[in-house]
Amino acid sequence: MPCYILGIESSCDDTAAAVTADDVIMSNVTANQEIHASFGGVVPELASRAHQQNIIPVIHAALQKANISKNQLSAVAYTRGPGLLGSLLVGASFAKAFSMGLSIPLIEINHLQAHILAHFIRNASKTNPIPSFPFLCLTVSGGHTQLVIVKDHFDMHIIGQTIDDAAGETFDKAAKIMGLPYPGGPVVDKLAAEGDPARFTFSKPSVPGLDFSFSGLKTSILYFLRDRLKEDEHFIEKNKADLCASIQRTIVDILLLKLEKAVLQTGITEIAIAGGVSANSGLRSGLQNLRQTRGWNIYIPPLAYTTDNAAMIAVSGYFKFLKKDFASQSAAPYARSSF
Ligand code: KG4
Ligand code: ZN
């Protein structure tokens, strides 16, 4: 009999639930919160309220799609942090009550580790390749940009990270400057497909070691556009695709340059990407090129497991379940953390 894990994710603005049977995905349901688009970013109080509304229907749908009843669950895993505290509290409270009501173990998951462990979600036929340890993971999301050596499922070491903005945040801020909707990353990605990435150049950071910096790039985009708009108020409209392609290329170049440096430094050529920005087509194809030219083994998650999802929480829960690493009812959510 497989071990059924219910995963719950509510760290930001997606309410998500998923069921795994051991490490195999059974269902993966996400309710996106449209409400934030009109504010140009996530409004924490509105996110918590929407989680409250969504959580029961989303969990119900995940169990139904997996075709199991709640009584068949072996454990419930939830995101304890990092994230927005009000959002995390909704998922955490539900998970705690559910585990207590069903008398099954409660498992707490670190959201950033879960993005990486998304690579271990198996499809029904178990044919998808999974990375072998140790591997190097570039985690790029709305709030984080990290280079991580993954020695085991829960033995992870950050060897580089951003000293200011995250890669996803940079996509979102650049989009906002151009008047594009939130979240900007997917919009920039789409428009970039039609544009010339070599048309405009923006400043790249010179941060030592394996750390990243994106705040200079953001300022460079802001000043560049401010000057061009003085000459032509329709500059952005006329050059939208080229601007997006050039910005995307700059962000991807910054990421891949550090990744190459990390490979040289560690000697690890088993390479994965994770997090919302790993959905970016420029990053995905840049990595494919490096597979060819450098001979790395690369692991790119399916799109459904790039942005926030509960499948990654459920599979992480499975690996903790195997270790009997259970959480206490008194564990409070945390807004910030490394691992
Ligand atoms: O992992 P995620 O869903 O949430 C966090 O944990 O932060 O990442 C969200 C981030 C947002 O900044 C969003 O703009 C970015 O991922 N993103 C993308 C793409 N899809 C999502 N950035 C660039 N290209 C994309 N296709
Ligand atoms: Zn995330």
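Given the structure is predicted, the values throughout are model-derived calculations rather than measurements.
- Here the side chain of D211 pairs no donor or acceptor atom with the backbone of T162 at under 3.5 angstrom.
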For the pair R49 and I35, evaluate side chain to side chain contact (heavy atoms under 4.5 Å, CB included) and give the outcome as yes or no after the intermediate values. CA-CA 11 Å; R49 290 186 206 180; I35 189 151; over 6 Å; no
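- No side-chain heavy atom of F120 sits under 4.5 Å from any side-chain heavy atom of D23.
- When all heavy atoms are compared, the tightest approach of S48 to S87 is OG-N, 3.8 Å.
- By the neighbour-count criterion of 12 heavy atoms within 6.0 Å, atom CD of E233 is sparsely surrounded, having that number or fewer from other residues, nucleotides or ligands.
- Under the 3.5 Å distance criterion, the side-chain polar atoms of Q161 are left unmatched by any main-chain donor or acceptor of H144.
- Remark: side-chain polar atoms of S278 are not paired, donor with acceptor, to backbone N or O of T306 under 3.5 angstrom.
- Because its NZ or CZ atom is both nearer than 6.0 Å to the ring centre of F154 and within 45° of the ring axis, K320 counts as a cation-pi partner of that residue.
- Between V150 and L136 there is no side-chain heavy-atom pair separated by less than 4.5 Å.
- Among D242, L180, L243, the single residue meeting the side-chain contact (heavy atoms from CB on, under 4.5 Å) criterion with L191 is L180.
- Judged by distance alone, with hydrogens and angles left aside, the side-chain atoms of N28 form no donor-acceptor pair with the main-chain N or O of A18 at under 3.5 Å.
- By the rule that hydrophobic residues join a cluster once side-chain heavy atoms approach within less than 4.5 Å of another member, V277 and L210 end up as members of one cluster.
- Here H153 and F133 bring their ring centres to under 6.0 angstrom of each other.
- When side chains are defined from C-beta on, H115 counts as touching M312, because their heavy atoms get closer than 4.5 Å.
- Counting non-hydrogen atoms of other residues, nucleotides and ligands closer than 6.0 Å to NZ of K204 gives a total above 12.
- A donor-acceptor contact shorter than 3.5 Å is absent between the side chain of S99 and the backbone of P105.
- Hydrophobic clustering, with ILVMFWY side chains joined whenever heavy atoms are under 4.5 angstrom apart, keeps I68 apart from V58.
- Hydrophobic clustering, with ILVMFWY side chains joined whenever heavy atoms are under 4.5 angstrom apart, keeps V42 apart from L46.
- Side-chain atoms of S337 and N110 form a donor-acceptor pair, as typed in the model, at a separation below 3.5 Å.
- Side chain to side chain, D165 and S215 fail the donor-acceptor criterion of an N or O pair below 3.5 Å.
- No donor-acceptor pair under 3.5 Å is formed between the side chain of H119 and the backbone N or O of I130.
- Note: I107 CD1 to I313 CD1 = 11.5 Å, rounded to the nearest 0.5 Å.
- The side-chain heavy atoms of I104 and K70, taken from C-beta on, include no pair separated by under 4.5 Å.
- Around the NZ atom of K261, the shell of radius 6.0 Å holds more than 12 heavy atoms that belong to other residues, nucleotides or ligands.
- There is no path of hydrophobic side-chain contacts, each under 4.5 Å, that joins V29 to L73.
- Considering every non-hydrogen atom in both A310 and G7, the closest pair reads CB-O, 3.5 Å.
- Formation of a donor-acceptor pair under 3.5 Å by the H111 side chain with backbone atoms of S10 is not found in this model.
- The neighbour count for K324 NZ, taken as heavy atoms of other residues, nucleotides or ligands under 6.0 Å away, does not exceed 12.
- Summarising the geometry, atom CD belonging to E237 is positioned 11.0 Å from atom CG belonging to L229; distances are rounded to the nearest 0.5 Å.
- The minimum heavy-atom distance between A167 and T145, with the atom names listed, is N-OG1, 2.8 Å.
- In the hydrophobic clustering of ILVMFWY residues, with side-chain heavy atoms under 4.5 Å counting as a link, I59 and L106 come out together.
- Taking each heavy atom of P333 and L88 in turn, the nearest pair found is CB-CB, 3.8 Å.
- Remark: the T139 side chain and the Q146 side chain contain no N/O donor-acceptor pair separated by less than 3.5 Å.
- For R336, the CZ atom counts as loosely surrounded, since its 6.0 Å shell holds 12 or fewer non-hydrogen atoms of other residues, nucleotides or ligands.
- In plain terms, the two heavy atoms of H157 and D155 that are nearest each other are NE2-OD1, 2.8 Å.
- A donor-acceptor pair is defined here as one N or O able to donate and one able to accept, closer than 3.5 Å; such a pair exists between the side chain of N309 and the backbone of A311.
- When the shell of 6.0 Å around CD1 of I56 is examined, it contains 12 or fewer heavy atoms from other residues, nucleotides or ligands.
- Side-chain atoms of V148 and Q113, non-hydrogen and from C-beta on, never get closer than 4.5 Å to each other.
- Between T15 and the options Q52, H51, Q53, a side-chain hydrogen bond (donor to acceptor under 3.5 Å, both in side chains) holds for only H51.
- Residue E194 qualifies as open at atom CD: its count of foreign heavy atoms under 6.0 Å is 12 or below.
- F135 has its ring centre no less than 6.0 Å from the ring centre of Y299.
- Salt bridge present: R249 and D253 bring a charged side-chain N and a carboxylate O closer than 4.0 Å.
- Remark: N67 CG is loosely packed, at most 12 non-hydrogen atoms of other residues, nucleotides or ligands lying under 6.0 Å away.
- Using a 4.5 Å cut-off on side-chain heavy atoms (C-beta onward), F214 and D164 make contact.
- Of all heavy-atom pairs between N128 and I121, the closest is ND2-O, 2.7 Å.
- Side-chain contact annotation: N239 with R228, donor-acceptor N/O pair under 3.5 Å absent.
- Relative orientation of the F202 and F200 rings is tilted, given thresholds of 30° and 60° on the angle between their planes.
- At least one side-chain heavy atom of Q248 sits less than 4.5 Å from a side-chain heavy atom of F171.
- L259 has its side chain out of reach of L255: every pair of non-hydrogen atoms, C-beta onward, lies at least 4.5 Å apart.
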